[in-house]
Number of protein chains: 2
Amino acid sequence: MSPSPQQNHLLAALPDEVQQRLFPYLKPVTLPLGKVLYESGEIQHQVFFPTDAIVSLLNVTENGASAEISVVGNDGLIGVSLFMGGESTPSRALVQSAGSALQLSARRLKEEFDRHGDLLLLLLRYTQSLITQMAQTAVCNRHHTIDQQLCRWLLLSLDRLPGNQLIMTQELIANMLGVRREGVTTAAGKLQKLGVIEYHRGHISVLDRPRLETLCCECYAVVKKETDRLLPWHPNK
Amino acid sequence: MSPSPQQNHLLAALPDEVQQRLFPYLKPVTLPLGKVLYESGEIQHQVFFPTDAIVSLLNVTENGASAEISVVGNDGLIGVSLFMGGESTPSRALVQSAGSALQLSARRLKEEFDRHGDLLLLLLRYTQSLITQMAQTAVCNRHHTIDQQLCRWLLLSLDRLPGNQLIMTQELIANMLGVRREGVTTAAGKLQKLGVIEYHRGHISVLDRPRLETLCCECYAVVKKETDRLLPWHPNK
DNA sequence: GGGAGTCGGTGCGCTAACAAACATAAAGCG
DNA sequence: CGCTTTATGTTTGTTAGCGCACCGACTCCC
């Protein structure tokens with residue numbers, strides 16, 4: 001069953017005319033957990049529009065420590081630097097939740113981008129929402145506890161998934177947040193004790209999302225609000 | 001003495017034709033220390049091209065804590081969201097080092113941007129370099145010590161100033177880094193003991209820049225390298 | 001059904017950074 | 001000059017998160 005372009009908000013938001021030009025070139029791909037779409041500094045030849053996968057952008061330090069700087073799901077695309085002009089970035093794009101995406105060659109994307117029409121406007125606004133997310137991540141890393149950050153991370157992921165289930169080990173979450181696995185264990189333990197989530201060997205179920213939002217720092221809300229403002233999303237297009 | 005547009009790298013990098021269209025509309029302004037160019041969420045009506053001022057982009061949390069997410073000097077402009085399409089951002093733009101800038105109305109900037117010529121390409125590349133800086137700031141906030149971050153911050157500021165002097169209290173630096181003033185005092189004390197800087201009531205002189213770079217985390221180098229790649233700067237244009 | 005590997009939970013010592021209070025001293029100003 | 005303000009230095013707890021070690025328990029797979 002091939003993923004539909006309409007599942008990706010950016011693709012769905014394009015006018016018919018652009019869709020007709022672009023969609024024939026979209027190639028469905030499946031993204032397994034842990035796959036690296038781009039390595040830091042690598043020239044990028046494709047962009048990816050997730051339909052139900054989630055991809056994290058990570059910056060990795062010299063000594064191997066990492067930190068997630070943004071999360072991309074069916075609300076966005078991977079490969080911003082292609083149209084921004086750099087062709088590569090110092091970040092790694094890592095599949096955080098397995099699923100599908102639609103792949104488009106750099107050439108086709110740039111062709112359409114260079115028409116300076118709706119695609120350009122849309123992608124620039126999307127890029128601004130990414131910037132917002134990165135900025136807020138920086139603040140969150142500075143000022144908020146692991147407990148709060150875990151909540152933020154769960155909410156960001158949940159927004160990009162169909163159900164209320166995450167397939168994700170604590171080890172992986174720790175890598176994303178750039179903290180120790182034990183730190184995540186402790187934080188997740190608290191949430192479980194509160195009945196907010198249920199943890200079971202790599203399967204997280206969020207039982208009480210409203211509660212999760214109250215436990216979270218403001219960072220989630222800030223990003224969400226700004227993203228909604230920049231990219232109003234009407235599923236019933 | 002009015003600041004010359006050629007002092008700003010972005011303006012200087014524009015082809016003559018664009019310069020002739022744009023430069024007549026540039027208005028010199030002086031930016032005093034502490035001035036707020038944009039408040040979070042505020043609609044922006046101007047962009048600023050610093051010639052010798054330095055402006056910090058800060059995100060502020062609910063409880064008043066703040067964190068700098070990027071630094072802009074004569075290498076860039078303030079007001080990226082204007083051409084990205086959002087018209088505002090959740091960040092505050094605060095003058096960190098007094099000086100001059102050239103101001104341009106949103107209308108004129110967008111007019112030129114919408115020609116989809118060299119200005120568009122240049123500004124998008126600049127935006128990507130900003131993204132790099134933000135991403136690296138997020139990592140740095142997560143993984144590096146105050147000592148290291150102070151070095152990074154000094155180097156970033158130094159690159160945007162003519163001499164080796166900074167006018168800047170520890171209190172202000174602490175606000176930028178999002179740490180306590182005492183933390184900066186301790187870190188700066190170490191640097192002074194090592195003879196790398198000299199501190200004197202709001203005046204910092206960097207005595208041994210090479211040493212400063214060795215004490216710094218990799219973050220400075222990562223950002224510098226990527227920025228140089230994205231925006232090769234030839235003063236002898 | 002019985003290992004091997006994976007995942008999560010726990011305890012302990014350690015350090016960086018925080019919080020709050022206080023000391024000092026230079027700069028500025030009447 | 002003497003007083004106030006501002007900038008920096010210092011001290012004494014306290015705490016969040018780290019590093020490390022280890023254990024138990026679930027899963028997978030032969």
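Chain A is the first sequence line, chain B the second, and so forth, proteins listed ahead of strands; every chain is numbered from 1.
- Legend: residues meeting side-chain contact (heavy atoms from CB on, under 4.5 Å) with B:Ala65, ordered by chain and number and at least two apart, are A:His143, B:Thr61, B:Asn63.
- Recorded end-axis angle for the helix from C:dG1-D:dC30 to C:dG30-D:dC1 stands at 30°, based on five pairs per end and rounded to 10 degrees.
- Along DNA chain D, read 5' to 3', the first and last nucleotides having any atom under 4.0 Å from a heavy atom of chain A are D:dG17 to D:dT27.
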Q: Evaluate the side-chain hydrogen bond (donor to acceptor under 3.5 Å, both in side chains) criterion for residues B:Ser88 and B:Glu42: first the C-alpha distance (whole Å), next the side-chain angles of each, then the deciding distance (0.1 Å), finally the verdict.
A: CA-CA 6 Å; B:Ser88 75; B:Glu42 198 177 283; over 6 Å; no
Please tabulate, for side-chain N and O atoms in residues 187-199 of chain B, each donor-acceptor pair with protein atoms closer than 3.5 Å (sequence neighbours left out).
residue	atom	partner	partner atom	Å
B:Lys190	NZ	B:Asp147	OD2	2.6
B:Tyr199	OH	B:Met168	O	3.4
B:Tyr199	OH	B:Gln170	N	3.4

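- In terms of the salt bridge (charged side-chain N to carboxylate O under 4.0 Å, His left out) criterion, residue partners of A:Glu39 (sequence neighbours excluded) are, by chain and number, A:Arg92.
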Q. Run the side-chain contact (heavy atoms from CB on, under 4.5 Å) check on B:Leu102 and B:Val29 step by step: do they pass?
A. CA-CA 6 Å; B:Leu102 292 157; B:Val29 286; over 6 Å; no
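- In this view, A:Ser129 and A:Tyr126, A:Thr227, A:Leu230, A:Leu231 satisfy the side-chain contact (heavy atoms from CB on, under 4.5 Å) rule, not counting sequence neighbours.
- Applying the side chain to side chain donor-acceptor pair (under 3.5 Å) definition to pairs two or more places apart or across chains, those involving residues 212-224 of chain B are B:Asp159-B:Tyr220, B:Arg209-B:Glu213, B:Arg209-B:Tyr220.
- Of the residues in residues 213-220 of chain A, not one comes within less than 4.0 Å of DNA chain C through any heavy atom.
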Q. Using a cut-off of 4.0 Å between protein heavy atoms and nucleotide atoms, how would you tag nucleotides 22-30 of chain C 5' to 3' with B, S and -?
A. ---BBS---
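- Taking a 4.0 Å limit (strictly below) on heavy-atom distances, residues 163-179 of chain A reaches DNA chain C at A:Thr169, A:Gln170.
- B:His203 has its side chain within reach of B:Ile167: a pair of non-hydrogen atoms, C-beta onward, lies under 4.5 Å apart.
- With rounding to whole Å, B:Arg180 atom CZ is found 12 Å from C:dA21 atom C1'.
- Nucleic acid contact class of A:Gly202 (heavy atoms, under 4.0 Å, all strands): sugar-phosphate only.
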Identify each donor-acceptor pair in which a side-chain atom of residues 44-59 of chain A lies under 3.5 Å from a protein atom, sequence neighbours left out, and give them as a table.
residue	atom	partner	partner atom	Å
A:Gln44	OE1	A:Ser81	OG	3.0
A:Thr51	OG1	A:Ser100	O	3.1
A:Asp52	OD1	A:Ser100	N	2.6
A:Ser56	OG	A:Glu68	OE2	2.7
A:Ser56	OG	A:Gln96	OE1	2.8
A:Asn59	OD1	A:Ser91	OG	2.6
A:Asn59	ND2	B:Gln136	OE1	3.1

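- A heavy atom lying under 4.0 Å from DNA chain C marks the following residues of residues 185-196 of chain A, by number: A:Thr185.
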